[in-house]
Amino acid sequence: MTCFHQIPFTPDPGAAEPVSAPLGFVHRLRQRLAAEKVPQLHLHCAAVVLDENALCWLNIKQNLVLVAEPASIALKQLELALGTKPGRLSLEPLARDAFDMQSRHTRATPMRPLLWQTGLNVLDGSAPMPPLSADSCLQLRRWPDFRVLTRRHDDFRICALLIRRGLTVQDACDALNLPQNQVQAFFNAAYLSGYALPVLATDVPTIPPKAGRLATRWRDVRSRWSQ
């Protein structure tokens with residue numbers, strides 16, 4: 001049986017948090033992912049901390065993440081906390097040297113695809129990930145990294161819908177005739193990874209997008225990425 005070694009996190013006194021207002025973990029993370037548009041919120045590296053123990057380390061500028069070993073246990077702890085007790089999570093500033101030192105012992109992986117996959121697994125898509133609710137209306141701010149869509153083909157249809165307008169989970173289910181848990185998992189993932197943002201509710205489309213056009217676009221995308 002593999003043991004999970006908790007790694008106590010020691011705050012870096014030289015990397016003070018630029019924002020003093022108390023924010024939830026997910027909101028704070030999303031702010032940092034969009035920091036290129038808000039210079040005063042720029043944060044190069046940070047640690048994801050659960051009850052004073054580091055689960056992973058983020059290099060936000062270079063889109064890299066290091067996960068504490070065993071990674072499967074660390075990510076499961078993150079998923080559980082995001083779904084049930086997000087208040088136990090915090091995003092702590094981290095010196096670049098500290099990230100580089102940790103990278104000598106832990107393999108770096110792309111950050112946004114990992115956040116997306118983590119979001120898909122929160123509550124198994126059976127419920128909104130806090131602070132989302134059933135009434136949350138999301139719209140994609142840009143197309144996601146296509147690596148996150150390759151194994152869930154219907155998610156491309158959701159992308160094509162939400163890139164044009166903001167909808168709730170139920171709106172998307174009705175428009176695309178997809179299961180609620182699949183759409184909710186997409187919403188959780190797109191929100192956590194910073195690809196989607198909350199918007200005011202809009203009129204619900206009464207006619208689903210034409211399947212033929214969406215299928216053609218999806219085949220074109222898959223063809224390009226498989227070359």
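Under the 3.5 Å distance criterion, with hydrogens and angles disregarded, a donor-acceptor pair is assigned to the side chains of E92 and S90.
Here the side chains of L50 and L78 are not in contact, with every heavy-atom distance at 4.5 Å or above. The side-chain heavy atoms of N63 and L58, taken from C-beta on, include no pair separated by under 4.5 Å. Side-chain contact between Y191 and P128 is absent, with no heavy atoms from C-beta onward closer than 4.5 Å. Side-chain contact check for H44 versus N59: some heavy-atom pair is nearer than 4.5 Å. Between V199 and L138, the closest side-chain pair of non-hydrogen atoms is not below 4.5 Å. Within the 4.5 Å cutoff, the side chain of V48 has heavy atoms near those of the L89 side chain. Using a 4.5 Å heavy-atom cutoff, the side chains of R152 and L120 are in contact.
Note that R112 lies in the cation-pi zone of Y195, set by a 6.0 Å cut-off to the ring centre and a 45° limit from the axis.
A search for side-chain contact (heavy atoms from CB on, under 4.5 Å) contacts involving A190 returns W116, L140, F186, A196, not counting sequence neighbours. R88 pairs by the side-chain hydrogen bond (donor to acceptor under 3.5 Å, both in side chains) definition with D51, not counting sequence neighbours. Considering only residues two or more places apart in sequence or on other chains, S103 meets the side-chain hydrogen bond (donor to acceptor under 3.5 Å, both in side chains) condition with none of them. Residues forming a side-chain hydrogen bond (donor to acceptor under 3.5 Å, both in side chains) with Q182 (at least two apart in sequence, or on another chain): none. Residues meeting the side-chain contact (heavy atoms from CB on, under 4.5 Å) test with S72, sequence neighbours left out: P70. Judged as a side-chain hydrogen bond (donor to acceptor under 3.5 Å, both in side chains), and not counting sequence neighbours, K85 has no contacts.
Cluster annotation: M101 is not connected to L55 through the hydrophobic network of ILVMFWY side chains, with a link wherever side-chain heavy atoms come within less than 4.5 Å. A single hydrophobic cluster is not seen to contain both F25 and L80; linkage of ILVMFWY side chains at heavy-atom distances under 4.5 Å, directly or through other members, places them apart.
At least one donor-acceptor pair under 3.5 Å links the side chain of D171 to the backbone N or O of T168.
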